[in-house]
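The structure appears below as structure tokens.
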Number of protein chains: 2
Amino acid sequence: MLTLTRKTEYGLIAVCHLARVGQKVTSARDIAEEHGVPLPLLMNVLKKLNRTGHVSSVRGARGGYVLNVSPKKFTLGGLIEAVEGPVNLVRCTGTIKENRRCGLTQSCTIRKAVVKVHVRLRQFLDEVTIADLAFDDPQAAGFAIPQVLAQ
Amino acid sequence: MLTLTRKTEYGLIAVCHLARVGQKVTSARDIAEEHGVPLPLLMNVLKKLNRTGHVSSVRGARGGYVLNVSPKKFTLGGLIEAVEGPVNLVRCTGTIKENRRCGLTQSCTIRKAVVKVHVRLRQFLDEVTIADLAFDDPQAAGFAIPQVLAQ
DNA sequence: TTGAATTAGCACCTCGCCGATGCTATATTC
DNA sequence: GAATATAGCATCGGCGAGGTGCTAATTCAA
């Protein structure tokens with residue numbers, strides 16, 4: 001639970017790939033084959049990321065995609081939002097305009113506290129950049145990965 | 001996206017209520033009526049929290065529930081895990097025993113970095129306690145809530 | 001000029017899970 | 001014994017994630 005969707009997983013893989021190759025135009029097919037990701041799904045995600053402006057596309061033979069924002073400015077939160085839509089820890093963290101209040105909003109005794117947690121979560125997600133993920137520095141982070149997860 | 005389920009929302013409301021009333025046995029009905037939460041669903045959640053040992057139940061007339069762990073030791077991450085199951089930012093953060101690896105695990109170029117993010121997310125969720133949420137201190141936290149969310 | 005390669009934009013479908021409901025059994029109080 | 005509450009299932013509807021397919025538009029290269 002609290003799991004990213006596969007679209008986001010594929011998006012992460014693609015965007016990190018594009019970050020590593022720099023300004024070289026890379027086709028969805030190349031990325032899919034190199035990482036063993038299903039091509040049609042990867043294309044869906046890249047189309048979406050093109051619409052949000054995070055990548056630019058080049059059509060036609062020898063076409064493909066190029067990262068359109070700096071990997072250091074492109075955050076995990078930004079990617080999730082582009083692919084999955086707005087992050088909301090609870091339903092009532094959306095704006096009034098989005099009509100994302102639940103019936104309890106007026107009397108809810110925990111809303112204010114939860115909103116604080118939500119804001120901190122968003123900050124957390126916006127502190128992780130694509131550059132961090134693409135060029136992972138084993139020395140960095142300053143904490144050990146639990147043994148069960150260490151592959 | 002990245003949204004807690006309603007079960008968790010109801011669980012949060014219930015657990016915070018129990019934290020506030022201390023050791024007084026409180027029925028699901030009382031909690032539901034006070035917070036305008038659907039009773040049957042709240043009961044489902046409380047049953048689950050009883051099974052996980054986070055609350056104790058008293059059967060029969062004048063029965064109800066009591067918090068079974070200290071609000072300062074009971075974390076948001078613990079509640080989510082109790083109600084929704086294990087938190088996994090991506091599928092491959094589960095243990096090998098749980099067989100939660102995807103086909104890319106061996107060659108995945110971003111797994112290590114994402115696992116780091118996952119671990120930090122878990123730490124974040126385990127730093128937020130039920131006490132923090134139940135006895136929200138408006139002065140605390142040290143940052144402002146964005147205007148659009150401030151009700 | 002034609003064909004292959006590649007992205008753009010839909011429409012659609014399926015399956016799992018969240019959310020919700022209902023019923024029966026068990027325990028306790030009055 | 002009646003009323004109150006929890007325990008434990010079993011089930012069911014609806015929505016969204018995940019996945020598939022088709023057509024159009026664009027570009028390169030032989």
Side-chain angles (χ1 to χ4, degrees), chain A residues 1-14 18 24-33 36-68 80 82-88 90-91 102-104, chain B residues 1-14 18 24-33 36-68 80 83-86 88 90-91 102-104:
Chain A
M1 302 302 102
L2 273 189
T3 307
L4 300 178
T5 63
R6 294 194 190 195
K7 284 179 188 172
T8 305
E9 286 183 27
Y10 298 149
L12 270 178
I13 291 175
L18 292 177
K24 179 183 158 200
V25 174
T26 311
S27 71
R29 176 184 305 273
D30 285 350
I31 299 175
E33 284 178 355
V37 164
L39 175 60
L41 307 183
L42 184 66
M43 292 186 72
N44 284 340
V45 176
L46 284 168
K47 288 176 200 175
K48 198 168 240 176
L49 288 172
N50 178 47
R51 265 172 269 163
T52 60
H54 290 96
V55 303
S56 317
S57 68
V58 178
R59 284 188 170 196
R62 331 243 0 212
Y65 296 91
V66 176
L67 206 56
N68 203 25
I80 296 173
V83 175
E84 301 189 27
V87 172
N88 286 298
V90 287
R91 290 170 290 159
C102 70
L104 309 174
Chain B
M1 304 303 99
L2 273 188
T3 307
L4 301 178
T5 64
R6 293 196 191 192
K7 284 180 188 171
T8 304
E9 285 183 28
Y10 299 149
L12 270 179
I13 290 175
L18 292 176
K24 179 184 159 201
V25 174
T26 311
S27 71
R29 177 183 303 274
D30 285 349
I31 299 175
E33 285 178 355
V37 164
L39 176 59
L41 306 186
L42 184 64
M43 293 185 71
N44 283 342
V45 176
L46 283 167
K47 287 175 199 171
K48 197 167 243 177
L49 287 172
N50 177 48
R51 264 172 270 162
T52 60
H54 290 94
V55 303
S56 315
S57 68
V58 179
R59 284 188 169 197
R62 327 242 8 207
Y65 296 90
V66 176
L67 207 54
N68 203 26
I80 295 173
V83 175
E84 301 188 29
N88 286 299
V90 286
R91 290 170 289 159
C102 69
L104 310 173

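Just so it is clear: chains get the letters A, B, ... in the order the sequence lines come, proteins before strands, and each one is counted from 1. This one's a predicted model, so the numbers in the text were calculated from it and none came from an experiment.
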Between the protein and nucleotides 13-17 of chain D, list the N/O to N/O atom pairs that are separated by less than 3.5 angstrom.
none

- Message: Quick check on contacts: within residues 39-56 of chain B, what sits under 4.0 Å from DNA chain C by heavy-atom distance?
- Response: B/L41, B/N44

- Item | Close side-chain approach of B/H54 and B/K48, heavy atoms under 4.5 Å | no

- Task: Drop me the distance from B/L49's CG to B/L46's CG, to the nearest 0.5 angstrom.
- Result: 6.0 Å

- Item | Where B/T3 and A/R91 come nearest, the two heavy atoms and their spacing | CG2-N, 4.3 Å

- Task: Starting at NZ of B/K47, measure out to OG of B/S57 and round the result to the nearest 0.5 Å.
- Result: 11.0 Å

- Query: Which nucleotides of nucleotides 23-30 of chain D have their base under 4.0 Å from a protein heavy atom (B), which only their sugar-phosphate (S), and which neither (-), written as one string 5' to 3'?
  - Reply: --BBBSS-

- Task: To the nearest 0.5 angstrom, please state how far the OH atom of B/Y10 sits from the CG atom of B/L41.
- Result: 5.5 Å

- Task: Apply side chain to side chain donor-acceptor pair (under 3.5 Å) to B/N50 and list each qualifying residue two or more places apart in sequence or on a separate chain.
- Result: none

- Message: Please identify the 5'-most and 3'-most nucleotides of DNA chain C with any atom under 4.0 angstrom from a heavy atom of chain A.
- Response: C/dA5 to C/dC18

- Item | pair B/L2-A/N88: side-chain heavy atoms closer than 4.5 Å | no

- If you round to the nearest 0.5 Å, how far is CG of A/L4 from CG of A/L12? 7.0 Å

- Of the non-hydrogen atoms in A/V83 and A/K7, which two are nearest, and what is the gap between them? CG1-CB, 3.4 Å

- Item | Side chain to side chain, A/L18 and A/V55, heavy atoms closer than 4.5 Å | yes

- Query: Any side-chain heavy atom of A/Y65 sitting closer than 4.5 Å to one from A/V25?
  - Reply: no

Show me the donor-acceptor pairs, under 3.5 Å and distance only, between side chains in residues 26-33 of chain A and residues at least two apart or in other chains.
{"from": "A/T26", "atom 1": "OG1", "to": "A/K24", "atom 2": "O", "distance (Å)": "3.1"}
{"from": "A/S27", "atom 1": "OG", "to": "A/D30", "atom 2": "N", "distance (Å)": "3.1"}

